[in-house]
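Within every chain, numbering begins at 1; the chains are lettered A, B, ... in the order of the sequence lines, protein sequences first and strands thereafter. The analysis underlying the following values was restricted to heavy atoms, covering all of them including side chains, and did not include hydrogens, waters or symmetry mates.
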There are 2 protein chains.
Amino acid sequence: MLTAKTNIIENIPAMLQNKGISPSIQRIKIFEVILKNRVHSSADYIYRELVHEIPTLSKTTVYNTLALFVEKGLINSFSVDSTELLYEHSNKPHAHFQCEICKEIFDMDFNSTIFNMKEIEGNMVNNVHIIFRGMCKNCKTKIKNK
Amino acid sequence: MLTAKTNIIENIPAMLQNKGISPSIQRIKIFEVILKNRVHSSADYIYRELVHEIPTLSKTTVYNTLALFVEKGLINSFSVDSTELLYEHSNKPHAHFQCEICKEIFDMDFNSTIFNMKEIEGNMVNNVHIIFRGMCKNCKTKIKNK
DNA sequence: GTATCTGCAAAACATTTGCAATTCT
DNA sequence: AGAATTGCAAATGTTTTGCAGATAC
């Protein structure tokens with residue numbers, strides 16, 4: 001029996017084709033990495049994850065593919081105070097927490113009517129990104145136990 | 001009679017000292033640029049604004065100063081899907097709108113209880129950043145009139 | 001005169017671009 | 001063969017780093 005997750009991953013070619021993207025090996029694998037790592041998939045991270053499996057993979061392809069995915073609306077790109085763009089599957093509205101100590105970025109299961117806003121001050125809203133920053137519970141515990 | 005704005009700008013040395021930053025000419029001028037341009041002050045923008053007035057100014061100093069300001073909590077840095085970090089005076093909670101067409105970033109006069117959150121899923125929140133993305137009213141008008 | 005601050009030059013790092021090689025149909 | 005895709009190498013742009021010179025107290 002298939003779990004929900006493997007099920008999704010086995011359907012990657014179909015998911016790509018649904019968005020008008022022809023499913024090459026590289027594209028399938030890149031999207032798989034993004035699906036497995038809901039947050040903080042950087043181009044470099046994806047490259048490092050895959051280069052062993054696909055030794056000929058180039059970063060250019062990773063960048064090209066990510067740009068294509070964003071253009072087709074398959075994934076979103078965002079950045080949190082950094083030089084590095086991050087990518088994630090554009091499924092649900094975004095809420096992220098970034099720890100100012102360990103720099104880690106966590107997905108927050110957070111709902112708000114803000115995500116439903118379609119207009120603000122006369123501007124048309126396509127998507128909303130909420131970023132919380134502070135100290136994560138892990139770092140809080142570490143500091144307490146010092 | 002002083003307006004509120006000139007009043008603030010004349011107090012820059014005091015504002016810096018309040019945060020434990022000694023007010024050199026470069027630091028005063030850099031902060032002045034940030035105060036005048038509430039949004040989208042990039043390191044490069046600040047440099048270009050000041051290099052005529054302070055011909056010896058170097059980008060290193062701009063970067064050093066911005067890092068110092070952020071460290072002391074005088075300003076916040078943020079980035080919106082771009083390589084370039086942006087800086088603004090950390091006065092009020094943030095809400096930005098970025099147009100996907102013209103790439104411009106606008107300050108939104110937007111209030112939400114989310115800005116008051118001090119905790120989320122056990123993590124300590126220091127600040128909250130909300131980014132709306134879509135099509136700004138200017139671009140909407142341009143497209144309509146085509 | 002010592003600590004702080006500034007700035008040049010070079011390095012580092014993410015991303016983009018031009019173009020050639022490869023793959024798919 | 002022709003079109004799409006991949007990938008190397010070089011360029012670009014932002015930010016960081018090492019260190020020397022200037023400035024301030």
Side-chain angles (χ1 to χ4, degrees), chain A residues 12-13 16-17 19-34 40-72 74-88 103 105, chain B residues 12-13 16-17 19-34 40-72 74-88 103 105:
Chain A
I12 287 179
L16 296 182
Q17 272 162 332
K19 296 281 186 174
I21 301 163
S22 58
S24 72
I25 285 289
Q26 290 87 341
R27 288 171 180 177
I28 291 169
K29 289 293 171 186
I30 288 170
F31 190 46
E32 196 180 313
V33 172
I34 293 168
H40 62 244
S41 290
S42 66
D44 188 61
Y45 173 80
I46 293 167
Y47 176 78
R48 290 195 319 269
E49 282 290 295
L50 293 178
V51 73
H52 299 110
E53 192 177 350
I54 312 170
T56 59
L57 183 68
S58 90
K59 277 209 184 166
T60 307
T61 300
V62 176
Y63 281 112
N64 286 343
T65 303
L66 291 172
L68 178 71
F69 285 180
V70 170
E71 185 204 321
K72 299 289 189 181
L74 185 65
I75 62 174
N76 285 326
S77 70
F78 68 99
S79 68
V80 185
D81 250 55
S82 101
T83 330
E84 210 173 37
L85 277 175
L86 304 173
Y87 300 87
E88 69 184 358
K103 307 298 174 195
I105 295 165
Chain B
I12 287 179
L16 297 181
Q17 272 162 333
K19 295 281 187 175
I21 300 162
S22 57
S24 71
I25 284 289
Q26 289 88 340
R27 289 171 180 178
I28 291 169
K29 287 294 171 186
I30 289 169
F31 191 45
E32 195 181 312
V33 172
I34 293 168
H40 62 244
S41 290
S42 67
D44 188 60
Y45 174 79
I46 293 167
Y47 176 78
R48 290 197 318 270
E49 282 291 297
L50 293 178
V51 72
H52 299 109
E53 193 176 351
I54 312 171
T56 59
L57 184 68
S58 92
K59 276 210 185 165
T60 306
T61 299
V62 176
Y63 280 113
N64 286 342
T65 302
L66 291 172
L68 179 71
F69 285 179
V70 171
E71 185 205 321
K72 299 288 187 180
L74 185 65
I75 63 174
N76 285 327
S77 70
F78 69 98
S79 68
V80 185
D81 251 55
S82 102
T83 332
E84 210 173 37
L85 278 174
L86 304 174
Y87 300 87
E88 68 185 357
K103 308 299 175 194
I105 295 166

Solution key, residues 74-86 of chain B side-chain donor-acceptor pairs under 3.5 Å, sequence neighbours excluded:
| unit_1 | atom_1 | unit_2 | atom_2 | d |
| --- | --- | --- | --- | --- |
| B:Asn76 | ND2 | B:His94 | NE2 | 2.9 |
| B:Ser77 | OG | A:Asp81 | OD2 | 2.5 |
| B:Ser79 | OG | A:Ser79 | OG | 2.8 |
| B:Ser79 | OG | A:Asp81 | N | 3.1 |
| B:Asp81 | OD1 | A:Phe78 | N | 3.4 |
| B:Asp81 | OD2 | A:Ser77 | OG | 2.6 |
| B:Ser82 | OG | B:Glu84 | N | 2.9 |
| B:Ser82 | OG | B:Glu84 | O | 3.0 |

Atom pair distance, as rounded to whole Å: NZ in B:Lys29 and P in C:dT6: 14 Å
From CD (A:Glu49) to CD1 (A:Ile34), nearest 0.5 Å: 11.5 Å
Spacing of B:Glu71 atom CD relative to C:dC5 atom P, expressed in whole Å: 11 Å
Sugar-phosphate, base or nothing in reach of B:Ser24, heavy atoms under 4.0 Å: sugar-phosphate
First-last contacting nucleotides on DNA chain D - partner chain A, under 4.0 angstrom, heavy atom: D:dT5 to D:dA9
Sequence-distant partners of A:Lys59, salt bridge (Lys or Arg N to Asp or Glu O under 4.0 Å), two or more places apart: A:Asp44
A:Tyr63: partners by side-chain hydrogen bond (donor to acceptor under 3.5 Å, both in side chains), with sequence neighbours left out: none
Partner set under side chain to side chain contact (heavy atoms under 4.5 Å, CB included) for A:Ile25, not counting sequence neighbours: A:Lys29, A:Ile54
Integer-rounded Å distance: C:dC5 C1' and B:Phe69 CZ: 13 Å
Pairing residues for B:Phe69 by the ring pair (Phe, Tyr, Trp, His ring centres under 6.0 Å) criterion, not counting sequence neighbours: B:Phe31
Nearest-nucleotide comparison on DNA chain C, the residue closer to the 5′ end among B:Ile21 and B:Pro55: B:Ile21
Backbone of B:Ser22 reached by a side-chain donor or acceptor of B:Arg27 within 3.5 Å: yes
Under 4.0 Å protein heavy-atom contact, by nucleotide of nucleotides 11-25 of chain C - B base, S sugar-phosphate only: ---SBBB--------
Sequence-distant partners of A:Thr61, side chain to side chain contact (heavy atoms under 4.5 Å, CB included), two or more places apart: A:Gln26, A:Leu57, A:Ser58, A:Thr65
